[in-house]
Engineer: 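Pasting a structure here, questions to come.
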Amino acid sequence: MNYWLVKTEPEKYGWSHFTAQGRAIWDGVRNYQARNNLAAMKLGDQVLFYHSVSNPAVVGVGTVTREAYPDPTAPVEANGKPTPWCVVELEPALAFSQPVSLAQIKAEPMLANMGLIKQSRLSVMPVKSDEYDQILQWGMKFKV
DNA sequence: GCCAACGTTGGC
DNA sequence: GCCAACGTTGGC
């Protein structure tokens with residue numbers, strides 16, 4: 001089991017869209033590093049769902065329900081070469097009772113090496129299991 | 001709205 | 001192959 005984090009702008013496609021549809025095709029990734037991460041996702045992997053830009057925070061968890069296949073929104077080839085872009089399919093697994101803010105993540109020394117902080121522009125990245133556990137624990141706390 | 005980080009493009 | 005210009009992302 002592997003853990004990941006995907007970013008999305010909630011105004012364009014947020015958690016509410018995701019849960020309303022019950023499924024998402026994670027398309028439109030056009031960065032090689034992000035693409036390689038998508039391609040490495042396996043069925044059942046857990047994916048932190050992160051809202052960027054306004055109120056940056058992890059808001060829930062999705063499960064990989066289909067492994068990488070060619071991105072239908074990408075051209076089949078460019079400059080005579082097949083295009084490398086791919087998508088995965090995700091389903092909502094867990095809605096956080098409390099969003100885990102970027103500020104909270106930054107304030108925790110254990111999470112200081114997360115790609116989210118180190119490589120702020122990458123949109124699909126791996127997460128270590130202990131990092132995932134910590135964020136899940138925060139996210140599933142009951143409100144007081 | 002501003003700006004830093006950084007990926008991509010294109011001239012040479 | 002280098003590097004400047006430019007575009008995009010995303011935090012603040």
Side-chain angles (χ1 to χ4, degrees), chain A residues 2-42 45-141 143-144:
Chain A
N2 292 309
Y3 303 97
W4 309 90
L5 182 147
V6 295
K7 290 183 185 174
T8 179
E9 292 189 36
E11 288 78 13
K12 293 181 183 166
Y13 187 93
W15 180 259
S16 58
H17 301 102
F18 186 34
T19 52
Q21 286 182 202
R23 193 164 71 111
I25 294 172
W26 215 255
D27 61 15
V29 170
R30 296 293 182 270
N31 168 284
Y32 279 94
Q33 204 177 344
R35 183 219 88 99
N36 291 341
N37 290 331
L38 277 186
M41 289 185 185
K42 296 295 175 193
D45 281 0
Q46 301 297 106
V47 182
L48 296 173
F49 195 102
Y50 177 82
H51 282 169
S52 67
V53 185
S54 51
N55 280 327
V58 180
V59 294
V61 178
T63 303
V64 177
T65 51
R66 183 172 171 187
E67 296 178 6
Y69 62 96
D71 187 341
T73 70
V76 176
E77 56 176 47
N79 304 323
K81 292 181 177 178
T83 230
W85 310 122
C86 62
V87 299
V88 295
E89 284 178 11
L90 304 176
E91 281 180 11
L94 207 55
F96 281 3
S97 56
Q98 289 185 92
V100 177
S101 71
L102 178 62
Q104 189 176 354
I105 291 170
K106 278 185 163 178
E108 169 54 55
M110 197 197 106
L111 303 177
N113 287 319
M114 284 189 73
L116 186 64
I117 294 163
K118 293 261 169 177
Q119 237 185 315
S120 64
R121 291 187 52 200
L122 185 60
S123 61
V124 182
M125 67 189 83
V127 173
K128 294 193 182 72
S129 64
D130 55 345
E131 296 165 344
Y132 176 86
D133 290 343
Q134 176 63 79
I135 290 171
L136 194 73
Q137 199 185 321
W138 282 335
M140 295 312 287
K141 268 186 187 165
K143 288 178 186 175
V144 282

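A, B, ... follow the sequence lines: proteins, then strands. Residue 1 opens every chain.
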Engineer: Distance under 4.0 Å to a non-hydrogen atom of chain A counts as contact; along DNA chain C, which nucleotides mark the start and end?
Structural biologist: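 In short, chain A contacts DNA chain C from C:dG7 to C:dC12.
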Engineer: Do A:Phe18 and A:Leu90 have side chains that approach each other closer than 4.5 Å (heavy atoms only, starting at C-beta)?
Structural biologist: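 In contact.
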Engineer: Say whether, by atom type as modelled, one donor and one acceptor occur between the side chain of A:Ser97 and the main chain of A:Lys141 under 3.5 angstrom.
Structural biologist: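 Yes, the answer is positive, given that a donor and an acceptor are paired below the 3.5 Å cut-off.
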Engineer: Taking atom CD of A:Gln134 and atom OG of A:Ser129, what is their separation to the nearest 0.5 Å?
Structural biologist: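 A:Gln134 CD to A:Ser129 OG: 12.0 Å, rounded to 0.5 Å.
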Engineer: If the threshold is 4.0 Å, N to carboxylate O, is there a salt bridge linking A:Asp71 and A:Arg35?
Structural biologist: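 No salt bridge links A:Asp71 with A:Arg35.
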Engineer: Quick test of your reading: applying salt bridge (Lys or Arg N to Asp or Glu O under 4.0 Å), list the pairs with at least one residue in residues 99-126 of chain A, sequence neighbours left out, ordered by first then second residue.
Structural biologist: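 Pairs touching residues 99-126 of chain A that pass the test: none.
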